[in-house]
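Report on one structure; see the data block that follows.
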There are 2 protein chains.
Amino acid sequence: MIEMGETEAEPHQLGGMPAPDQQVENFRHTRRARRTEIAEDYVELIADLIDSGGEARAVDIARRLGVSHATVIKTVGRLQRDGLVVTKPYRAIFLTDEGRRIAIWSRQRHELVVKFLLAIGVSKEVAYADAEGIEHHVSAETLAAFERVVGEINGRRSASGH
Amino acid sequence: MIEMGETEAEPHQLGGMPAPDQQVENFRHTRRARRTEIAEDYVELIADLIDSGGEARAVDIARRLGVSHATVIKTVGRLQRDGLVVTKPYRAIFLTDEGRRIAIWSRQRHELVVKFLLAIGVSKEVAYADAEGIEHHVSAETLAAFERVVGEINGRRSASGH
DNA sequence: TGGAGGATGTAGCCAAGGCTACATTTGAGA
DNA sequence: TCTCAAATGTAGCCTTGGCTACATCCTCCA
Ligand SMILES: [Mn+2]
Ligand SMILES: [Mn+2]
Ligand SMILES: [Mn+2]
Ligand SMILES: [Mn+2]
């Protein structure tokens, strides 16, 4: 067999991966998303607690997240520093306009991800579990695709006599 | 209007969210997944570098990930401690059996997530970008659902005269 | 109107995952 | 063979997000 250059180990994915410099951008993008995950979960949860119980207390957040109250208080401090919540010592936690904006957006995205997973046949338990992590990495374009698929599946289902 | 108990702010999602204690489990599950994301990206990338260039060097990993080489070296130390790679000072990095197992699994999962996003109409650039984060939160069940959908869409496409 | 107990705050610890700056080693080519 | 540039390693810094232990505050009820 004749020398063919540097291809000796069968690259295994021919049209697969993106170019190296595009991959760098993807990794950077994902690291950026990672840094906002916790903030998104917090503001979404705070909004839920306010909507259902009138106020969001550190102890409630801690119980829902399954972390210690000390962790919650420190994290809420960071959220306040970053302008997403306001709170005064020994008082409940409220969302700023910015925090509420993010909460509403996160909630819609989260719900759509769940709806989507359910639509493609994932069980309720797994859909909830996976959505909790997936949601933070779904761009607007992918979310739109999810919505399209949900529409198609529900359309097809009702067209064939529910 | 008569007192109706604690429902005054319209709970907004009736059958939406899971029960609080199920939600705790979901958050715990997601935190657990978060702790393995970086290891998965590293072993997958190391496998790619070995397959395409014969060896994986810290500087190559650093360039692909867009982080400093010092970060890579420290992380590789953790991977070695955890039994996923082996390396000797000033030498290249190799996968253990366990590391290779995880790399192969991660690569398959990653590729399927990309294929899935492309199948539902997401652009190539966004599919690659989103998949880099989504992959780590996709359970086996959800992955199976993805595979089903890819099969259906490809089937439908070829049925209607490609 | 006290307390007691629950909620909140504080201190200090840890590991992960980033970084820069500097030191050391390697190996390819002149 | 020797040198020097590139690769690797090390030190030390930072932030985040966990934890436990303990201190303080608030509030509700006896
Ligand atoms: Mn969410
Ligand atoms: Mn989440
Ligand atoms: Mn991957
Ligand atoms: Mn990834």
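What's counted below: heavy atoms across the whole structure, side chains too, no hydrogens, waters or symmetry copies. Numbers restart at 1 for each chain; the letters A, B, ... are given by sequence-line order, proteins then strands.
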Just to confirm, is there a sub-4.0 Å distance from OP1 or OP2 of D/dC19 to any side-chain nitrogen or oxygen of A/Thr71?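 Result: yes.
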Is any side-chain N or O of A/Arg81 closer than 4.0 Å to OP1 or OP2 of D/dT15?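 Negative; the distance criterion is not met.
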Whole angstroms only, please: what is the [atom1]-[atom2] distance between [X] and [N]?
| X | N | atom1 | atom2 | answer |
| --- | --- | --- | --- | --- |
| A/Leu79 | D/dT16 | CG | C1' | 12 Å |
| B/Ile73 | C/dT20 | CD1 | P | 14 Å |
| B/Arg35 | C/dA15 | CZ | C1' | 10 Å |
| A/Lys88 | C/dA7 | NZ | C1' | 18 Å |
| A/Tyr90 | C/dT10 | OH | C1' | 9 Å |
| A/Glu55 | D/dT27 | CD | P | 10 Å |
| B/Arg57 | D/dT8 | CZ | P | 5 Å |
| A/Arg91 | D/dC25 | CZ | P | 13 Å |

Can you tell which of [options] lies closest to the side chain of [X]?
| X | options | value |
| --- | --- | --- |
| A/Arg31 | C/dA21, C/dG18, D/dA21 | C/dG18 |
| A/Ile38 | C/dT20, D/dG18, D/dA7 | D/dG18 |
| A/Val67 | D/dA7, C/dT8, D/dG18 | D/dG18 |

Categorize B/Ser68 for me: base, sugar-phosphate, or nothing, with a 4.0 angstrom heavy-atom threshold over every strand shown.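 If one applies the 4.0 Å heavy-atom cut-off, B/Ser68 turns out to touch a base.
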Please work out if B/Arg78 contacts a base, only the sugar-phosphate, or nothing of the nucleic acid, heavy-atom cut-off 4.0 Å.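 Since a base atom lies under 4.0 Å of B/Arg78, the category is base.
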Whichever of B/Ala58 and B/Lys74 has its nearest DNA chain D nucleotide further upstream toward 5':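 Counting from the 5' end, the first nearest nucleotide belongs to B/Ala58.
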Would [X] and [Y] count as having a side-chain donor-acceptor pair, cut-off 3.5 Å?
| X | Y | result |
| --- | --- | --- |
| B/Glu44 | B/His110 | yes |
| B/His136 | B/Glu40 | yes |
| B/Glu37 | B/His137 | yes |

If each of B/Pro89 and B/Tyr42 is mapped to the nucleotide of DNA chain C with the nearest heavy atom, which maps nearer the 5' terminus, i.e. the 5' end?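 It is B/Tyr42, whose closest nucleotide lies nearer the 5' terminus.
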Between A/Arg34 and A/Arg63, which has a closest nucleotide on DNA chain C that is more 5'?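 So the residue in question is A/Arg63.
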Rounded distance (nearest 0.5 Å) linking atom CZ of A/Arg31 with atom CZ of A/Arg35: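 The CZ atom of A/Arg31 sits 9.5 Å away from the CZ atom of A/Arg35.
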In Å, rounded to the nearest 0.5 Å, how long is the span from CG of A/Asp41 to OG1 of B/Thr30?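 Spacing of CG (A/Asp41) from OG1 (B/Thr30) equals 7.5 Å.
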